[in-house]
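I have placed the structure first, in the form of structure tokens, so that the comments after it can refer back to it.
Protein chains get the first letters and strands the later ones, always in sequence-line order, with residue 1 at the start of each.
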There are 2 protein chains.
Amino acid sequence: MAVTIKDVARAAGVSASTVTRALTLPELVSEETRERVRRTAESLGYHPNRAARGLITGRTGNIGLVVPDLGNPFFPSVVKGVQARAHEADYAVFLADTDEDATAEAGLVRRLSKQVDGIVLCSPRMADGQLRALAAETPVVLINRRIARVPSVVPELGDAMRQAIGHLTALGHRRIGYVAGPRSSWADRERVRSLRLVVRDKAVELVEIGNVTPQFEGGVGAADQVLAAGVTAVIGYNDLVSLGLLNRFSARGVAVPGALSVLGFDDIAPAAMVTPALTSVALPKEHAGRAGVDLLLRLLAEPDRSSAIRRELPTQLMVRGSTGPAPV
Amino acid sequence: MAVTIKDVARAAGVSASTVTRALTLPELVSEETRERVRRTAESLGYHPNRAARGLITGRTGNIGLVVPDLGNPFFPSVVKGVQARAHEADYAVFLADTDEDATAEAGLVRRLSKQVDGIVLCSPRMADGQLRALAAETPVVLINRRIARVPSVVPELGDAMRQAIGHLTALGHRRIGYVAGPRSSWADRERVRSLRLVVRDKAVELVEIGNVTPQFEGGVGAADQVLAAGVTAVIGYNDLVSLGLLNRFSARGVAVPGALSVLGFDDIAPAAMVTPALTSVALPKEHAGRAGVDLLLRLLAEPDRSSAIRRELPTQLMVRGSTGPAPV
DNA sequence: CCCACATGAGAAACGGATTTCACACTTGCC
DNA sequence: GGCAAGTGTGAAATCCGTTTCTCATGTGGG
């Protein structure tokens, strides 16, 4: 069916080995042969079978990408970045969505691991131990999670928090709520940690509210608690949560930002679509995806030297309509 | 490194061929051998190398999925459906995002085609001819596009339009705008066609407005034209466009739905997040993804009988706050 | 008791590409 | 002129599993 190396070899009047060499190790064959082989390969429309190649080289030319939920616009953005960078490097991408399920995650990763050269795990939900075990047997890069000796890409969260809190305090807010995400989420623990750190030496009181699912519904459900907490500004675990808050506030007739300012994380597209638009700390998404692939490629090339790499990517506060001066 | 069939064979004291048979053609080996082999395989954690198997069977166990833009929430939903169904059938999914570029699309598809058993093309942008040529050499299923002799999954668009127009006319709207999407889009052409058809025998005037990119910005940009057109209701090409309209209307102080009703297509998540929430005709997304994989699997199993299959999936009008009685 | 036939399992071929090994043939130097 | 080093190429081994071919054993029938 498909044109194989033998077809090219026959057509070019050389052996299969020469075809390989002409295409992948140019310096080993004469200029003349190389050109002839290349032309015949071209004219026959030959492309090496990656599976067959992978069998012998041990490289598949594929990378795996695992995300918790494509329904959260954050992740498709990361996927886009991964895609783009992977294709540039001539890698194809296997995608798996775990539906926020740590068990499914482990299973999918294991299934993937044998068909790919390495895996980019975005916001993994599985336990540290599992993750470490996994990284020991397969090249793995983490996005939005940090574990010793596993390369990772994370946002500059401290800076993000300073921007967020700085913005709110400048507006006069002194009592600020934080609607926490899933307890099992590394990102949430980090956010809380950073927040507390940033808040410590400011005259700001931080009110931590419940743990919600990192979705719109989570925010909707937490909104009334936020109102009851008597804060003048609230930060949601992520934009979906903050959008949920906004939605419920609007339904209850709470003026935003008049009575209450709302701020989110991620800067997903819908943040700019609502009215008032959501002020949000933009976390790297496509950028993180690209950086994740970069790290993975480096890890594949020189495993020893790159296992400790930890990249922190910059964040940026996008000030929009949902934050304003604290009510007097 | 990984445990191969030979390791199992040695451990079980049989030949490699027997291992294969025990695992894939149980009726060819004795009960006793079969069990012994299976147990050793299990205990060694053996899983056949898919690439090697694919080499000889011609099946890779992978399917390709190509979408135009993961940035549009519509597509991640389809991806989720594809994922879910594919994993159920023990297939892995290669994903590619074309960034709405027909040329890139053709290239990506060609690259993918050699590593997968078949491809699900979601809302492809390439020309009919190319698509037909492609389908001739690779098993392909289309989502949101219809071409003779290529299996496809499409929404029941006629019904969708009847629901949309029925809803608006019941609210008293007589002059309705339609903000068209990309001219190259099959979906847009179909929507226009259906709309005209549905409108024909009703006392409704349809005003078609420009062609915009199928994104939020497209809607924002078209909003003022919509206002100038003097309609009492407007239907956007998709939800992103409609959300753009809503956003701009809000900015210009146009009351929705008081002065103008807005309706969209797709029912993406953000539609329910804005205020007023967007009334939208829900098109099958996850469902379409699942159905696409189903069709592809059938196509792989019996190519002759299934090439003509065209599945139409039901749609559902989600009435929300953005539509109301026509102003008097 | 022998033959035809079914059954179970091993050996070998195969799929497509890469890599190692081996072999001609140049070329260069003493 | 002869030997060593180097260059270009082909043959064969290899990757891992599946499939075909073959053979040995055992069963039933005549």
**Request:** Describe the nucleic acid contact of A:V19 in one word from base, sugar-phosphate, nothing, applying a heavy-atom distance below 4.0 Å.
**Result:** nothing
**Asked** If you look at every strand shown and take non-hydrogen atoms under 4.0 Å, does A:S17 touch a base, only sugar-phosphate, or nothing?
**Response**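 Base, at least one base atom sits under 4.0 Å.
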**Message:** Can you confirm whether B:L121 sits close enough to B:V109 that some side-chain heavy atom of one is under 4.5 Å from a side-chain heavy atom of the other?
**Reply:**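 Yes - at least one pair of side-chain heavy atoms lies under 4.5 Å apart.
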**Request:** Kindly indicate whether the side chain of A:W186, heavy atoms from C-beta on, has any atom under 4.5 Å from the side chain of A:L131.
**Result:** no
Whole-Å gap separating [atom2] ([N]) and [atom1] ([X]):
X: A:R59; N: C:dA17; atom1: CZ; atom2: C1'; result: 16 Å
X: B:D7; N: D:dC15; atom1: CG; atom2: P; result: 11 Å
X: A:L28; N: C:dT18; atom1: CG; atom2: P; result: 13 Å
X: A:Q115; N: D:dC15; atom1: CD; atom2: P; result: 21 Å
X: B:R10; N: C:dA9; atom1: CZ; atom2: P; result: 19 Å
X: B:E31; N: C:dA9; atom1: CD; atom2: P; result: 12 Å
X: B:N49; N: D:dT18; atom1: CG; atom2: P; result: 9 Å
X: A:R50; N: C:dA17; atom1: CZ; atom2: C1'; result: 13 Å

**Message:** Apply side-chain hydrogen bond (donor to acceptor under 3.5 Å, both in side chains) to residues A:T33 and A:S30 and explain how you reach the verdict.
**Reply:** CA-CA 5 Å; A:T33 322; A:S30 70; 2.5 Å; yes
**Check ion pair A:R50-A:D90 (N to O, under 4.0 angstrom)** =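 A salt bridge links A:R50 with A:D90.
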**Item:** Gap between atom CZ of A:R85 and atom CD of A:E286 - 0.5 Å precision
**Value:** 13.5 Å
**Asked** Of A:A52 and B:S15, whose closest DNA chain C nucleotide lies nearer the 5' terminus?
**Response**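 This one resolves to B:S15.
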**Prompt:** Mapping B:L55 and B:T33 onto DNA chain C by nearest heavy atom, which one lands closer to the 5' end?
**Reply:**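 By nearest-heavy-atom nucleotide position, the 5'-most residue is B:T33.
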**Message:** Looking at B:R21 and D:dG17, is any side-chain donor or acceptor paired with a base atom of the opposite kind under 3.5 Å?
**Reply:** no
So if I take every side-chain heavy atom of [X] and compare against [options], which nucleotide ends up nearest?
X: B:I56; options: D:dG17, D:dG8, C:dA17; value: D:dG17
X: B:S30; options: C:dG8, C:dG16, D:dG10; value: C:dG8
X: B:P48; options: D:dG17, C:dT19, C:dA9; value: D:dG17

**Request:** Would you mind reading off the bend of the helix from C:dC1-D:dG30 to C:dC30-D:dG1 from its two end axes, five pairs each, to 10 degrees?
**Result:** 60°
